[in-house]
Amino acid sequence: MVEKPDVGELAPPNRTLMGPGPSDVHPRVLRAMSTPLVGHLDPSFIDIMNEVQELLRYTFRTDNQWTIPVSGTGSASMEAAVGNLVEPGDTMLVPTNGYFGDRMASMAERAGGEVVTVDAPWGEPLDPVAVETAFDEYSPDVFGFVHAETSTGVLQPSVPELTSIAHENDALVVADTVTSLGGVEFRADEWDVDVAYSGPQKCLSCPPGASPLTLNDAAMDKVLSRETQPRSWYLDLSLLEGYWGEERAYHHTAPITNVYALREALRLVAEEGIEERWARHRSIASALKAGVESMGLEMNAPEEYWLPSLNTVRVPDGVDDGAVIEYLLEEYDLEIASGLGALAGDIWRIGCMGHSARAKNVSYLMTALGDALT
Ligand code: PLP
């Protein structure tokens, strides 16, 4: 017989989230999530969908009609982008300078594409010259890059240069903006990015579950004129068009509460102003950077590519990175994270995103880290 489980009421610890995401959720977003459900085709929800799309366009800096929240985490919006753009036989060019280029590659392969790479060491951005050389060598149909690499704390500069190389070669560009959207300058239209995807749990300070995606007409034309169906029914954008486009017809039941949350999170972006929000992330993260440097610690990413939303700090010789992380969590209820992949054991990753990007959090982190290291 299966016994009745004795599980107590949910009481998670009250953490300060300064890892690579999720970040602290704004109380207004939490309140929005406790409001009553309506149906996913209710006229009031249709209005909410329109508002979310308008707010997403503002945040992505785009007029793209095709701007939606994808049900699922950032990997769902990533797979919606890659899985719809890459047809069997297409070639996709992906970067090797961090953890998430590999994930793009894996998705492109599963979509039936051939994957080719443009290389840069972990901890450095892509060099436009290397991208141009890769285009000459492979003539890819799709080029993906990571605007804010969460594994290395590196920001990809010169985005317009990269997109113009791709467009001169008739390729479409996909940008991963999971750790930049709403926190670090990103301009989809002005920088000529065809497709950008993101996640809500980083600089938007919203729980994961409904993930931003935008496609321009060129990208959507390719998606709608595919010869083969994408391999995922759930993420098929030509079907999702029925729900998020003019028709507003059933495809799958939208994660209503997550859409409420995203609406409130994006309303906070619009209230603050997107440029003001980028400036806040920069100034709060500058204080964080100055603080860790004044403790004698070294940032992993050089100043030119420093990513304010994700600060990578080198673990000093003789210090156990995991023990410090554990101490901060146990003694201070403060979350930071260790390095991933090639940087595992070498760095700490300290997020400064959305509602976590506050002076109060930085002072708290300095006190806690100072204590852990003495
Ligand atoms: N891309 C980047 C740059 C990320 O940092 C992440 C998650 O941390 C993802 C994609 C995948 O997002 P998720 O974990 O929400 O599926």
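First listed ligand is number 1; within each ligand, the first listed atom is number 1. Quick note: numbers below take in every heavy atom, side chains included, and nothing from hydrogens, waters or symmetry partners.
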At less than 4.0 angstrom from any non-hydrogen atom of [X], what atoms of ligand 1 do you find?
X      : value
Gln201 : 13 (P), 15 (O)
Ala148 : 3 (C)
Ser75  : 11 (C), 12 (O), 13 (P), 16 (O)
Thr179 : 5 (O)
Gly74  : 12 (O), 13 (P), 15 (O), 16 (O)
Thr73  : 13 (P), 15 (O), 16 (O)

Q) Between His147 and Thr177, is any side-chain donor less than 3.5 angstrom from a side-chain acceptor? A)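 Judged by distance alone, the side chains do not pair up.
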Q) Thr67 and Gln53: side-chain donor and acceptor closer than 3.5 Å? A)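 On atom types as modelled, these side chains do not qualify, holding no pair under 3.5 Å.
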Q) Which option, Lys202, Met104, His147, Glu149, owns the non-hydrogen atom nearest atom 8 (O) of ligand 1? A)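 Going through Lys202, Met104, His147, Glu149 one by one, Lys202 has the nearest heavy atom to atom 8 (O) of ligand 1.
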Q. Considering Phe100, Tyr99, Tyr197, which one's heavy-atom position lies nearest to atom 2 (C) of ligand 1?
A.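 Looking at heavy atoms only, the winner is Phe100.
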Q: Ignoring angles and geometry beyond distance, decide whether Arg103 reaches within less than 3.5 Å of ligand 1 through its nitrogen or oxygen atoms.
A: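 In this structure, Arg103 places no N or O atom under 3.5 Å from an N or O of ligand 1.
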Q: Say whether Gly98 and ligand 1 are in contact under the criterion: heavy-atom distance to a ligand atom below 4.0 Å.
A: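 Contact check Gly98 vs ligand 1: negative.
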Q. Under the salt bridge (Lys or Arg N to Asp or Glu O under 4.0 Å) test, which residues partner Arg349, sequence neighbours left out?
A.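 Arg349 satisfies salt bridge (Lys or Arg N to Asp or Glu O under 4.0 Å) with no residue once adjacent residues are dropped.
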Q.
Looking only at protein heavy atoms, which one is nearest to atom 1 (N) of ligand 1, and what is the separation?
A.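 Ranking protein heavy atoms by distance from atom 1 (N) of ligand 1, first comes Asp176 OD2, 2.7 Å.
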Q.
Counting non-hydrogen protein atoms only, what is the nearest one to atom 5 (O) of ligand 1? Give residue, atom name and distance.
A.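 Nearest protein contact, heavy atoms only, for atom 5 (O) of ligand 1 is Thr150 OG1, 2.4 Å.
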(Q) If you count heavy atoms of other groups shown closer than 6.0 angstrom to OH of Tyr327, is the number above 12? (A)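 More than 12 heavy atoms, drawn from other residues, nucleotides or ligands, come within 6.0 Å of this atom.
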Q: Verify the neighbour count for atom CD of Glu185: are there more than 12 heavy atoms of other residues, nucleotides or ligands below 6.0 Å?
A: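 Yes, because the 6.0 Å sphere around CD of Glu185 holds more than 12 heavy atoms from other groups.
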Q | Summary of salt bridge (charged side-chain N to carboxylate O under 4.0 Å, His left out) pairs that have at least one residue in residues 52-80, sequence neighbours excluded | A |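 Residue pairs passing salt bridge (charged side-chain N to carboxylate O under 4.0 Å, His left out), neighbours aside: none found.
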Q. Under the 3.5 angstrom rule, does the side chain of Ser356 hit a backbone N or O of Asp24 as a donor-acceptor pair?
A.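 Pair found, side chain donor or acceptor close to backbone of Asp24.
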Q. Does the gap between the ring centers of Trp191 and Phe186 come in under 6.0 Å?
A.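 So the answer is yes for these two rings.
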